[in-house]
Amino acid sequence: MKKVSPQQRQLYFDDNSLALSLYGEQGKNFEIIEDLLKVTINVKGNQISITGDPIGVDHASRTCSQLYELLKRGYPLHSNDIEFAIQILSADSKAHLKDIFLDKLSVNSGKRLVTPKSLAQKLYVEAMRTNDIVFGIGPAGTGKTYLAMAMAVSALITEKVARIILVRPAVEAGEKLGFLPGDLAEKVNPYLRPLYDALYDMLSFEKVSRLLERGVIEIAPLAFMRGRTLNDAFTILDEAQNTTSEQMKMFLTRLGYESKAVITGDLTQIDLPEKRGSGLLEARDILQGIEGIAFIGFSKQDVVRHKLVRRIIQAYEEKQRVDK
């Protein structure tokens, strides 16, 4: 096996304060790059030298250069952005981080900046802008629901829609609804909690409460959608892998004028009884190619939660392959 000679490349940054932001606290950002790309980065003032195999040096150089460009454009760089950047540029050498990370969604929140963090997320956001029905299908933690929520809030704030409707099927995953205390609304509330969590992450508690009281934001189980026509609304159907064929058809035909619908789900987490087919799986098979409907697929590479989530998903995928 031929040994590859190490390569070295130097980069110079013209703004000292931005260079320090790129390095990260105590060089933490560069430690992430060194660990993931197997290179060595030496810092001398505003200049760095990157040493390693040619491919690693090239990836690290592009990553540092494009991250610095983001900082020059006012992007608030966080340590978790480093790993996202490396994943994006490793998957597509022609990708530009500015086209992804600077695609800000208007959620009017001082809590955090909502932007895509992967190529699939960027495609997802673009699909929601240009199509009236979008399916986001993939594993947990890939931002399917969160980005859909951000787009819905943005559409409400910019008055593109008059209301947001958030829907989930109340499917029992081992738990029995009948044994939960309270009336029907209280019984299904735990199933809708993830939608509340995303909402509170983007808007203040007081604003969400006001919008809920006025009916501008509605959160309801899927069964409550039957017979309705949803005009001037941004509707999100979450956990759609747990819809039956009949429920999915019912939901999709609720779409009214000036409305959008986003359907999210993970086909590896179907909790329906064994003999019931998933409406999401069927919709994916029969609605492909219809103009105005887009399907965006996510993989474990798009996970934006704790880094262990990606490893957990991979471990389960490997077990499934062995079991087959």
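Start at 1 with the first residue, then count along the sequence. Side-chain atoms are counted along with the backbone in the values below, which use heavy atoms only and exclude waters and symmetry mates.
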(request) Report yes or no: does Thr130 contribute a side-chain atom to a donor-acceptor pair with the main-chain N or O of Glu126 at less than 3.5 Å? (result) yes
(message) Is it the case that the side chains of Ser278 and Gln241 hold a donor-acceptor pair, with the cut-off being a distance below 3.5 Å and no angle test?
(response) no
(message) Is any side-chain heavy atom of Met202 closer than 4.5 Å to one of Met149?
(response) yes
(request) Report the distance from atom CZ of Arg62 to atom CD1 of Ile88, rounding to the nearest 0.5 Å. (result) 11.5 Å
Distance-only donor-acceptor hits, side chain of residues 36-49, under 3.5 Å, sequence neighbours excluded:
from: Lys38; atom 1: NZ; to: Asp35; atom 2: O; distance (Å): 3.0
from: Asn46; atom 1: ND2; to: Phe13; atom 2: O; distance (Å): 2.9

(message) Between Thr243 and Ala240 (side chain of the first, backbone of the second, donor and acceptor by atom type, cut-off under 3.5 Å), is there such a pair?
(response) yes
(request) Find out if a path of hydrophobic residues (ILVMFWY) with successive side-chain heavy-atom gaps under 4.5 Å connects Ile55 to Ile32. (result) no
(message) Can you tell me if Lys98 has over 12 outside heavy atoms packed within less than 6.0 Å of its NZ?
(response) yes
(message) Could you measure the distance from the CG atom of Leu70 to the CG atom of Leu18? Nearest 0.5 Å is fine.
(response) 11.0 Å
(request) Could you grab the distance from atom CZ of Phe84 to atom CG of Leu67, nearest 0.5 Å is fine? (result) 12.5 Å
(message) Under 4.5 Å between side-chain heavy atoms, counting indirect links through other Ile/Leu/Val/Met/Phe/Trp/Tyr residues: same cluster for Ile286 and Phe251 or not?
(response) yes
(message) Rounded at 0.5 Å granularity, tell me how far CZ in Phe205 sits from CG in Leu199.
(response) 11.0 Å
(request) Provide the full list of ring-ring contact (aromatic ring centres under 6.0 Å, His included) pairs with a residue in residues 15-44, sequence neighbours left out, each pair given once. (result) Tyr23-Phe30
(message) Please check this pair: side chain of Asp81 against backbone of His78, looking for a donor-acceptor N/O pair closer than 3.5 Å.
(response) yes
(message) Which heavy atom of Ala85 sits nearest to which heavy atom of Leu97, and what is that distance?
(response) CB-CD1, 3.6 Å
(message) I'd like to know whether CG of Leu267 has more than 12 heavy-atom contacts from other residues, nucleotides or ligands below 6.0 angstrom.
(response) yes
(request) May I ask you to decide whether Glu83 forms a salt bridge with Lys117, counting only side-chain N to carboxylate O separations under 4.0 Å? (result) no
(message) I need the minimum non-hydrogen distance between Leu280 and Gly265, along with the two atoms involved.
(response) CD2-CA, 3.7 Å
(request) Determine the minimum heavy-atom distance between Leu11 and Cys64, stating which atoms define it. (result) CD1-CB, 3.9 Å
(request) Decide yes or no on salt bridge (charged side-chain N to carboxylate O under 4.0 Å, His left out) for Arg228 and Glu218, but give the supporting numbers first. (result) CA-CA 13 Å; Arg228 300 179 60 181; Glu218 177 185 348; 2.7 Å; yes
(request) Heavy atoms only: give me the nearest Gln66-Ala95 pair and the separation to one decimal. (result) NE2-O, 3.3 Å
(request) Would you mind checking if Glu206 and Arg210 are paired as a salt bridge, meaning a charged N to carboxylate O distance below 4.0 Å? (result) no
(message) Among Leu252, Ile290, Leu287, Val262, exactly one meets side-chain contact (heavy atoms from CB on, under 4.5 Å) together with Ile133. Which residue is that?
(response) Leu252
(message) Nearest 0.5 Å, please: how far is CD1 in Ile236 from CE in Met151?
(response) 10.0 Å
(request) Look at Arg129 together with Asp103 and state whether they make a salt bridge at an N to O cut-off of under 4.0 Å. (result) yes
(message) Could you tell me if the side chain of Ile263 sits less than 4.5 Å from the side chain of Met248, heavy atoms only?
(response) yes
(message) Evaluate Leu77 against Ser21 for side chain to side chain contact (heavy atoms under 4.5 Å, CB included), listing each step before the verdict.
(response) CA-CA 8 Å; Leu77 188 66; Ser21 296; 5.9 Å; no
(message) Count I, L, V, M, F, W, Y as connected when their side-chain heavy atoms are under 4.5 Å apart, and connections chain through other members. Are Tyr257 and Met225 then in the same cluster?
(response) no
(request) Quick one: closest heavy-atom pair of Tyr124 and Gly143, and the distance? (result) CE2-O, 4.2 Å
(message) Please give me the minimum heavy-atom distance between Ala150 and Val114, naming the atom from each residue.
(response) CB-CG1, 3.6 Å
(message) We want to know whether Tyr68 and Asp14 form a side-chain donor-acceptor pair, criterion being a heavy-atom distance below 3.5 angstrom.
(response) yes
(request) Walk me through it: do Thr142 and Asp302 pass the test side-chain hydrogen bond (donor to acceptor under 3.5 Å, both in side chains)? (result) CA-CA 5 Å; Thr142 50; Asp302 301 301; over 6 Å; no
(message) If we ignore hydrogens and angles and just use 3.5 Å, is the side chain of Lys122 paired with the main-chain N or O of Asp99 as donor and acceptor?
(response) yes
(request) Could you tell me the separation between the CZ atom of Arg284 and the CZ atom of Phe135, rounded to the nearest 0.5 Å? (result) 11.0 Å
